[in-house]
Amino acid sequence: MPQLLPLRLLESVGLRSSESRRAAAAAAASVAASASADADASAVDAASVASAPSAAPAVGGVADGSAAAAAAAPATDVAAAGSAAASAPTRTVARPKAPAAPSRRELARSGTAEPPTGVIDVDPAIESTGPLSIIAKRRIGESDMAVYPLSLGASVFGWTADGDTSFAILDRFAELGGDFIDTADSYVGGRSELLIGSWMRERGNRDRVVVATKVGRHQENPGLGSVSIVRAVEASLERLKTDHIDLLYFHDDDPETPLEDSLATAEWLIESGKVRYLAASNFSADRLIEARILASAGLPKFVAIQNQYNLMHRTEFESAPRIVAAAQGLAVMPYYALANGFLTGKYRTKSDLTAGARSVRASAYVNRRGQRVLAVLDRIAAEHRVAPASIALAWLLAKRTIVAPVASASRPDQVDALMAAAGIRLTRSQMLDLDRVSE
């Protein structure tokens, strides 16, 4: 991390007034409005976007190693002693015992276990740390929004999940208490936002749902220039059939655009009521620090970040981004929380892989390390009587700064395993096992 910030940043903090920033943002809105007049307002409809399914990315986070190590406790063996109060000795004949077969837990620890087919030997200690009866919502950074600790990823809506299936997934999510939906203007060219907007209008539940969307990747409004941001937000509002976005992400950093200009545009959108709070996706630690310095001059601050983080992908987030997130009080929403489906146990061998985009990305984990991680997940999942996906998400939720992992479902029945994660309390030894096997 450089010790000195760029001269442009230091100058801009003091030289750009809030009035000039608002004027620039208003000018950008004017340019965006005139540019949109020449375009067809219904450019993104169900027919045009359904023809480009390959453009949809899959959405799917820091291991607090010191805390986990400090929490480790040695196991204690308890032996029961029997009484031998007999009036006369009794002669018994010792029968040779057949060697005991290794338990599924021992096989799992050795990395040779098959997928669990039933309840294996359950650690009695698990009974004292059962599922939570009440699941508390978690606050998103310094905002006034609190959400269920699982964000439903909507990248599959209009892609691997058609309209009816998407509605059924959303219905099941809401039925189980979910209220936080994650999408982007670039998911299936906007089809994901269209389906979410239609669902909220039909169900009449907009006020009960926190909607997060992202701008910066749509082919019609690329980057984080002022005009692109304003046009992208207006288009997202139309597709979502709402008058405001609860959490707006800058989908990627845009090195070609001064961050101050992007934040000034967001300031105008927040003041106009079209956006409530701002967040960043895939921003480096240096850029997050720069953004916080700019926020000290009056620009809006990020309240959350999205980074790839899961049991199979840890190093990138567990370095500088984790430290910055904790220091700035940022809520972390890990995407690819299930490693493109690998941590569900769906892809255990090469023969399980298909030609799909998610399968191709998951293929990077079908190796010895991946099998060891799955073996530990299988064991802990059997101890809690839940699916491996629930344990993978519970591991994330036990980490500091994690508010709501982003995970998607292609079928309604898959939602239950995602939602169950928030009610699972992993023991300290289970956390250590997962930390060690995934290093």
Side-chain angles (χ1 to χ4, degrees), residues 32 43-44 49 55-60 140-141 143 145 147-148 150-159 161 166 169-170 173 178-201 205-224 228-254 262-263 265-266 268-270 272-283 300 302-307 331-336 403-408:
V44 180
V49 297
V59 174
I140 299 178
S143 75
M145 299 185 297
V147 295
Y148 188 95
L150 188 284
S151 180
L152 182 65
S155 65
V156 299
F157 293 171
W159 180 33
S166 299
I169 292 171
L170 287 163
F173 177 66
D179 59 1
F180 189 20
I181 303 174
D182 180 271
T183 185
D185 66 349
S186 59
Y187 291 167
V188 205
R191 175 68 171 165
S192 173
E193 290 182 331
L194 276 171
L195 289 170
I196 294 169
S198 298
W199 176 76
M200 290 191 298
R201 173 166 291 184
N205 61 357
R206 176 64 185 93
D207 293 339
R208 300 191 297 275
V209 177
V210 174
V211 178
T213 193
K214 313 176 195 69
V215 297
R217 283 190 186 178
H218 197 285
Q219 59 182 0
E220 294 181 2
N221 303 302
L224 298 178
S228 289
I229 291 176
V230 172
R231 291 182 60 182
V233 168
E234 293 289 355
S236 288
L237 290 172
E238 183 177 349
R239 288 189 291 265
L240 290 166
K241 299 175 178 58
T242 184
D243 60 355
H244 69 279
I245 294 168
D246 296 303
L247 187 63
L248 178 69
Y249 284 93
F250 290 165
H251 208 160
D252 285 308
D253 193 3
D254 181 4
S262 301
L263 293 174
T265 305
W268 179 82
L269 290 168
I270 292 172
S272 64
K274 297 179 179 181
V275 171
R276 293 184 64 190
Y277 294 99
L278 192 62
S281 177
N282 297 314
F283 270 49
F302 294 137
V303 299
I305 59 173
Q306 268 196 10
N307 291 76
V332 180
M333 321 293 188
Y335 67 86
Y336 292 159
V403 169
V406 181
S408 58

- Task: Determine, step by step, whether Val303 and Leu247 satisfy the side-chain contact (heavy atoms from CB on, under 4.5 Å) criterion, reporting the C-alpha distance in whole Å, the side-chain angles of both residues, the deciding distance to 0.1 Å, and the verdict.
- Result: CA-CA 9 Å; Val303 299; Leu247 187 63; 3.8 Å; yes
- Task: Output the distance between atom CD (Gln306) and atom CG (Asn282), rounded to the nearest 0.5 Å.
- Result: 8.0 Å
- Query: Sub-3.5 Å donor-acceptor pair from the side chain of Ser236 to the main-chain atoms of Ala232, do we have one?
  - Reply: yes
- Message: Using 0.5 Å steps for rounding, measure from the OG atom of Ser198 to the CZ atom of Phe157.
- Response: 12.0 Å
- Results of side-chain contact (heavy atoms from CB on, under 4.5 Å) for Ala266 - residues two or more places apart only: Phe250, Leu278, Pro300
- Message: Does any part of the side chain of Arg239, heavy atoms only, come nearer than 4.5 Å to the side chain of Asp185, both counted from C-beta?
- Response: yes
- Going through the checks in order, is the side-chain contact (heavy atoms from CB on, under 4.5 Å) test met by Phe283 and Phe302? CA-CA 11 Å; Phe283 270 49; Phe302 294 137; 4.1 Å; yes
- Task: Could you tell me whether Asp252 and Arg217 make a salt bridge, using a distance below 4.0 angstrom between a side-chain N and a carboxylate O?
- Result: yes
- Query: What closest approach, in Å, do Ile229 and Leu269 show between heavy atoms, and which atom pair accounts for it?
  - Reply: CG2-CD1, 3.7 Å
- The salt bridge (Lys or Arg N to Asp or Glu O under 4.0 Å) partners of Arg276 (sequence neighbours excluded) come to Asp144, Asp246
- Item | From CG (Asn221) to OG (Ser186), nearest 0.5 Å | 11.0 Å
- Task: Taking ring-ring contact (aromatic ring centres under 6.0 Å, His included) as the test, write out the residues that go with Tyr249, two or more places apart.
- Result: none
- List the steps, then state whether side chain to side chain donor-acceptor pair (under 3.5 Å) holds for Arg206 with His244. CA-CA 10 Å; Arg206 176 64 185 93; His244 69 279; 3.3 Å; yes
- Taking all atoms of both residues into account, what is the closest heavy-atom pair of Ala304 and Met333, and its distance? CB-CE, 4.1 Å
- Is there a side-chain contact between Leu194 and Lys241, using heavy atoms and a 4.5 Å cut-off? yes
- Item | Tyr336 and Asn307: CA distance, side-chain angles, deciding distance, side chain to side chain donor-acceptor pair (under 3.5 Å) verdict | CA-CA 9 Å; Tyr336 292 159; Asn307 291 76; over 6 Å; no
- Task: Could you pull out the closest heavy-atom pair between Val188 and Ser155, with the gap in Å?
- Result: CG2-O, 3.9 Å
- Message: So which atom in Gly158 and which in Arg191 form the shortest heavy-atom distance, rounded to 0.1 Å?
- Response: CA-CG, 3.7 Å
- Query: How many angstroms lie between CG in Leu240 and OG in Ser192, if you round to the nearest 0.5 Å?
  - Reply: 8.5 Å
- Message: Counting C-beta onward and ignoring hydrogens, is there a side-chain heavy-atom pair between Asp243 and Leu237 closer than 4.5 Å?
- Response: no
- Message: Nearest 0.5 angstrom please: Ser281 OG to His251 NE2, how far?
- Response: 5.0 Å
- Item | Glu234 bridged to Lys274 by N-O distance under 4.0 Å | yes
- Query: Looking at side-chain heavy atoms only, is the closest gap between Tyr187 and Val156 below 4.5 Å?
  - Reply: no
- Task: Decide yes or no for Thr265 and Val230: does some side-chain heavy atom of the first lie under 4.5 Å from some side-chain heavy atom of the second?
- Result: yes
- Return the minimal non-hydrogen interatomic distance between Phe180 and Tyr148, and the atom names on each side. CB-O, 4.5 Å
- Query: Can you find a heavy atom in the side chain of Thr213 that is under 4.5 Å from one in the side chain of Val233?
  - Reply: no
- Identified side-chain contact (heavy atoms from CB on, under 4.5 Å) partner of Ile196 from the options Ile181, Val209, Asp182, Leu152: Ile181
- Item | Shortest non-hydrogen separation from Pro222 to Ser228 and the atoms involved | O-OG, 2.9 Å
- Message: Return the CD1 to CE distance between Ile140 and Met145, rounded to the nearest 0.5 Å.
- Response: 4.0 Å
